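From a predicted model like this one, the values you see are computed outputs, not experimental measurements. Chain A is the first sequence line, chain B the second, and so forth, proteins listed ahead of strands; every chain is numbered from 1.
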There are 2 protein chains.
Amino acid sequence: MELRHFIYFITVAEELHFGRAATRLQMTQPPLSKQIQQFEEEIGVALFKRNKRHVELTTAGEFFLPEAREVVAQVHQAVDTAQRAHRGEFGRLVIGFVGSATYDILPSIIREYRRIFPHVSIKLHELSTPDQVAALLGDRIDIGLLHPPVGSSLIETTPIERGYAALSLPKNHPLAKKEKIQIEDLRDVPFILASRDIWPGLYDEFLSLFKNVDFTPKIVQEATEYQMVVGLVSAGIGVGVVPATAEKLFNLEVVYRDIDHYPLKAVLSLAYLKRNTNPALKNFVSLTKRICSDER
Amino acid sequence: MELRHFIYFITVAEELHFGRAATRLQMTQPPLSKQIQQFEEEIGVALFKRNKRHVELTTAGEFFLPEAREVVAQVHQAVDTAQRAHRGEFGRLVIGFVGSATYDILPSIIREYRRIFPHVSIKLHELSTPDQVAALLGDRIDIGLLHPPVGSSLIETTPIERGYAALSLPKNHPLAKKEKIQIEDLRDVPFILASRDIWPGLYDEFLSLFKNVDFTPKIVQEATEYQMVVGLVSAGIGVGVVPATAEKLFNLEVVYRDIDHYPLKAVLSLAYLKRNTNPALKNFVSLTKRICSDER
DNA sequence: GGAACACATGGAACTTCGCCATTTTATCTA
DNA sequence: TAGATAAAATGGCGAAGTTCCATGTGTTCC
């Protein structure tokens, strides 16, 4: 019993004429007759009443016809489902992200992706960059939104946001009066940073600013997230270093200032395993790239 | 693309091992590998990720698996439906019947048939015997419940009720006092009969009773149904001739008597076209025969 | 009653499916 | 590091099944 038999049966049932049915099936009449006979024998049911001149369905054939059509429809649906999944229209996507990504880029990407691929289920996990790298290598997430570098040749990364970091100061801080802060102004200033785990690139870049001056910054406090940095700043503990997108965490007690001539690059990257074959991943990556290039 | 491919895919997906899957399919591994490859090529979707040592489903394969199982299930359901219809468990049955059959045998047969074959839809038409014969020959009904003879070699008949007819008299009629009526008592009695169309056999048999006596019965009225005969009798118009089962049409004004030594046979038969292949018909006929033999 | 139509039958050719033997590659172990 | 083992892929061959062509047979229509 093969699919062929069902298709042959349906065609003959529609034409009630072996010759015409054979033409529609692009074959000749004798093999069609034989296949139908074999099929009837195999299932033990006469599907047609034939009297050398006229063909008609038996009662069993009439009941079989809609079921046979259902078989063919189900076959098409199955193949279609596989092809859609292959194109990434069905699937699952597990996304890791650093907390700072939620301030800006992540929600708009997710929103757009959901609109275009409504049948892909998305699972989000807030993870630090090193945890994301481990999760990627352990196949627990498909995509990471993290701060480079990741330090693994198995992982592909593309920058999606080339933003900058800024200093956040209590609004009554003396330096807050200046439009641009000079690096010399930062001598003896107490700093509050997110811990190096959160964003090693930014942490290291901040420290490297001071290679060309004769002092090192005084880090008085490390926080586990940027929201906490801003909180400590507004409490007057010190001056914070946060990505510029954190300005969206409105806090009236805090102002943001750049350091003159010393931009702090704050790159957010998309990261995924090179060997990951999840079709939904490709779409997510290309969609993200498109959105980011549109914004420029 | 054939059913085989779906079954092969499901088995490999369940085993995730071409060798074991091949064993389960009672074949060797190489042709199985080849068939899966061809199938993947045909639908344009990689269903398995294989790396010479391990096999696993791709995302598309995971989405395809339940759909493929659905295909196989639908195939089985389709074949099962055809086989059930072939056995007469699904179907339609159009039944013609004479009015007198409703008094006794028909309801119990229908009730029992419905219980055993709940998925056969039954359509009932009250028709006279000649109309039933025409309807049978014109393929408008599958079965007739009628009074023989039918007079067509295309039609098969089997008696299902060998009942008797009786005389019905107004309860104050002189003859009503007698337990058994002698045929001589019927001289000059006005008779009421159902018209010959209704039951030619009974009509003719009644007339033939009088071949051996020197008078013919006086038929004063013909009615179009037995209920009407009984009604006319109770109105005192005359003496009726009705099937014994008509006694169930309770009427306190009427009594029933037999004619001594002259039983009036009242045969009800099942009739159907010999060439009718409706499987539900066979079951109906054999069930009816069983019920009738049980009752004896 | 003959012609035309339509399904069935029989035999030949081609396709393809499955088996066997072998190769390739990945993993495990010494 | 290298050999052993396991598992999928590859290639050639035989057999089975499918298709085509030619023909047979029973119906229907003129």
At a cut-off of 3.5 Å, list every protein nitrogen or oxygen paired with a nitrogen or oxygen from nucleotides 28-30 of chain D, distance to 0.1 Å.
{"from": "D:dT28", "atom 1": "O4'", "to": "A:R53", "atom 2": "NE", "distance (Å)": "3.4"}

Review point. Closer than 4.0 Å, any side-chain N/O of A:Q35 to the OP1 or OP2 of D:dT19?
Key: yes

Point to revise | Distance test, side-chain N/O of B:Q29 to OP1/OP2 of D:dA7, below 4.0 Å | key: no

Check your understanding: OG1/A:T158 to CG/A:L268 distance, rounded to the nearest 0.5 angstrom?
Key -> 10.0 Å

**Study point:** Residue B:R4, side-chain heavy atoms: nucleotide from C:dA8, C:dA21, C:dG18 that is nearest
**Key:** C:dG18

**Study point:** Given DNA chain D, 5'-ward residue of the pair A:Q26 and B:F18, judged by closest heavy atom
**Key:** B:F18

Review point. Are A:F6 and A:F64 close enough that their ring centres sit under 6.0 Å apart?
Key: yes

Practice item. Could you check whether the rings of B:F9 and B:F48 sit parallel, tilted or perpendicular, using 30° and 60° as the cut-offs? Key: tilted

Review point. If you check the B:P30 side chain, which of C:dG11, C:dC20, D:dG12 turns out closest?
Key: C:dC20

Review point. Nearest of C:dC19, D:dT19, D:dA7 to any side-chain atom of A:P31?
Key: D:dT19

Review point. Does D:dA9 have OP1 or OP2 sitting under 4.0 Å from an N or O in the side chain of B:S33?
Key: yes

Review point. Quick one: is A:Y8 getting a side-chain N or O under 4.0 Å of the D:dT18 phosphate, OP1 or OP2?
Key: no

Check your understanding: Rounded to the nearest 0.5 Å, how far apart are CG of B:D131 and CD of B:E126?
Key -> 11.0 Å

Review point. Out of B:L270, B:T129, B:L127, which one pairs with B:L145 under the side chain to side chain contact (heavy atoms under 4.5 Å, CB included) rule?
Key: B:L270

Exercise for review: Could you tell me whether the side chains of A:Q29 and A:S33 share a donor-acceptor contact shorter than 3.5 Å?
Suggested key: yes

Exercise for review: Look at the side-chain N and O atoms of B:Q37 and state whether any lies under 4.0 Å from the OP1 or OP2 oxygen of D:dA8.
Suggested key: no

Review point. Under 4.0 Å: is that the gap between some side-chain N or O of B:R50 and OP1 or OP2 of D:dA7?
Key: no

Practice item. Look at all strands and tell whether B:E2 reaches a base, only sugar-phosphate, or nothing, counting heavy atoms closer than 4.0 Å. Key: nothing

